[in-house]
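Below, read A as the first sequence line, B as the second, and so on, with proteins coming before strands; counting in each chain starts at 1. Hydrogens, waters and symmetry mates are skipped; everything else that's a heavy atom, side chains included, is used.
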Number of protein chains: 2
Amino acid sequence: MQPGTPDDDWREDCAPRRVLELFATKWTSMVLHTLHARHDGAARTGVLQRSLPGISKKMLTQTLRDMEGSGLLDRLVRSTMPPAVEYRLTELGRRFVEPVELLYGWGRDNADALDQLVPRPGSRRT
Amino acid sequence: MQPGTPDDDWREDCAPRRVLELFATKWTSMVLHTLHARHDGAARTGVLQRSLPGISKKMLTQTLRDMEGSGLLDRLVRSTMPPAVEYRLTELGRRFVEPVELLYGWGRDNADALDQLVPRPGSRRT
DNA sequence: CAGTATCCGTTACGATACTG
DNA sequence: CAGTATCGTAACGGATACTG
C-alpha cells in the first residue's frame, strides 16, 4: 500500500458512493424512516408532511416523485373528494430502510459526539 | 399513533438529522474512510487526492479545512521543501468513521439492490 | 387534501490559473 | 507538493400562488 498506489475504494461508480447518493437528497432518508416507523409502512401525504418539520410542499412532492420513480415506494391514489393519496414502501424501499436505520441508530447512541461536532450552526469561519 | 399526532423523530435538531449533515457534504465521509483504511489513520494530501477519483483540488482543500475546523482531523505541516502535509484522524474523527463504515459495509453487501435503484444516471424524467 | 407551477436565493461543486 | 483565488454552473431547496 505505497503512497503511489491508490487503493481507491471510491471509484465513481462503486457501491458505497451510490449509497451516499441516497443520502445526498436531503429528505429521502427521512421519508424512508417515517414510512418504516409506521405499522404498515404507509402514510398519507399530510402525515408525511407533518412528520417532517421544515419540509416544503414542493420538496415533499418532488422527493416522493423521485422515490416513486426509483421504485422505493408506491403511490396509491384514492379518487375520493377530497383525494386521499397514500405512499407505501416497496420491497426495494424496505431494503433501503436498513442503512437509514443504521445511521439513525448510531445517531441516537452518539448524541454526545454530535454535540462536539458543529456545536452550533454558523461557526465555520468568519 | 393517530394521523394527527406526528411522532416526529425528525425534529430539526435531532441526532439523526445531524448525522445526515455529515453525509451531506459529498466528500467528508470518503475522506474519513480513506484515512481510516490506512494503517495509521493518516495520509498526505496527494494520497488523499489520488484516493478520491473525481475530487477537485478546491473541494479537497475545502473539505479538509472544514473537517479540521470540526475537529475530525488534525493537520500536520512539515515545512520542508517542497512542503509535506499530513492529515490524521482525531479521536472524534475515529468515532465518526463508524457510521461511515456502516454505510460502506451495507453498500458492499447490497450491490444488487443498488443496481435496481437508479440503474443509470440521467433517467429522472425527460 | 393533494398537487403543480413559478420565482428566486444559496450553496455545493468543478475547472482553471497562479503562488510559495 | 500544497494551497489560494476566481469564475461559472447546476442543483437543492424554500416561498408563494394557483388548480381540481
Is there any protein nitrogen or oxygen under 3.5 Å from a nitrogen or oxygen in nucleotides 13-15 of chain D, and what are the pairs?
from    : atom 1 : to       : atom 2 : distance (Å)
dG13(D) : OP1    : Lys26(A) : N      : 3.2
dG13(D) : N7     : Lys58(A) : NZ     : 3.2
dG13(D) : O6     : Lys58(A) : NZ     : 3.2
dG14(D) : OP1    : Lys26(A) : NZ     : 3.3
dG14(D) : O6     : Lys58(A) : NZ     : 2.3

*Carboxylate-amine/guanidinium contact Glu91(B) Arg94(B), below 4.0 Å*: yes
Could you state the atom-to-atom distance from [atom1] of [X] to [atom2] of [N] in whole Å?
X        : N       : atom1 : atom2 : result
Leu60(B) : dA12(C) : CG    : P     : 16 Å
Leu20(A) : dC13(C) : CG    : P     : 11 Å
Met81(A) : dG20(D) : CE    : P     : 11 Å
Asp66(A) : dT4(C)  : CG    : C1'   : 15 Å
Glu68(A) : dG3(C)  : CD    : P     : 9 Å
Leu22(A) : dC12(D) : CG    : P     : 13 Å
Gln49(B) : dG3(D)  : CD    : P     : 10 Å

Side-chain N or O of [X] less than 4.0 angstrom from OP1 or OP2 on [N]?
X        : N      : value
Arg78(A) : dC1(C) : no
Thr80(B) : dC1(D) : no
Arg44(B) : dA2(D) : yes
Thr61(A) : dA2(C) : no
Arg75(A) : dG3(C) : yes

Roughly how far, to the nearest 0.5 Å, is [atom2] of [Y] from [atom1] of [X]?
X        : Y         : atom1 : atom2 : answer
Leu52(B) : Thr34(B)  : CG    : OG1   : 4.5 Å
Thr63(B) : Trp27(B)  : OG1   : CH2   : 8.5 Å
Thr28(B) : Lys26(B)  : OG1   : NZ    : 12.0 Å
Ser70(A) : Gln116(B) : OG    : CD    : 11.0 Å
Met67(A) : Leu117(B) : CE    : CG    : 9.0 Å

*When only distance counts, do a donor and an acceptor, one from the side chain of Lys57(B) and one from the base of dG3(D), lie under 3.5 Å apart?*
yes
_Residue whose closest nucleotide on DNA chain D lies nearer the 5' end, Pro82(A) versus Thr45(B)_ = Thr45(B)
_Nearest listed nucleotide, side chain of Pro83(A), among dA2(C), dA2(D), dT4(D)_ = dA2(C)
*With respect to Leu35(A), which candidate in Asp40(A), Val47(A), Leu72(A), Leu48(A) satisfies the side-chain contact (heavy atoms from CB on, under 4.5 Å) definition?*
Leu48(A)
_Main-chain N/O of Ala43(B) paired with Arg38(B) side-chain donor or acceptor, under 3.5 Å_ = no
*Give a yes or no on whether the backbone of Val100(A) and the side-chain of Ser29(A) come within a donor-acceptor separation of less than 3.5 Å.*
no
*May I ask you to decide if the ring planes of Phe23(A) and Phe23(B) are parallel, tilted or perpendicular, using 30° and 60° as cut-offs?*
tilted
*So what is the 5' to 3' dot-bracket string for DNA chain D, if pairs are Watson-Crick or G-U wobble with both distances under 3.5 Å, crossing pairs use [ ] and | means the partner sits on another strand?*
||||||||||||||||||||
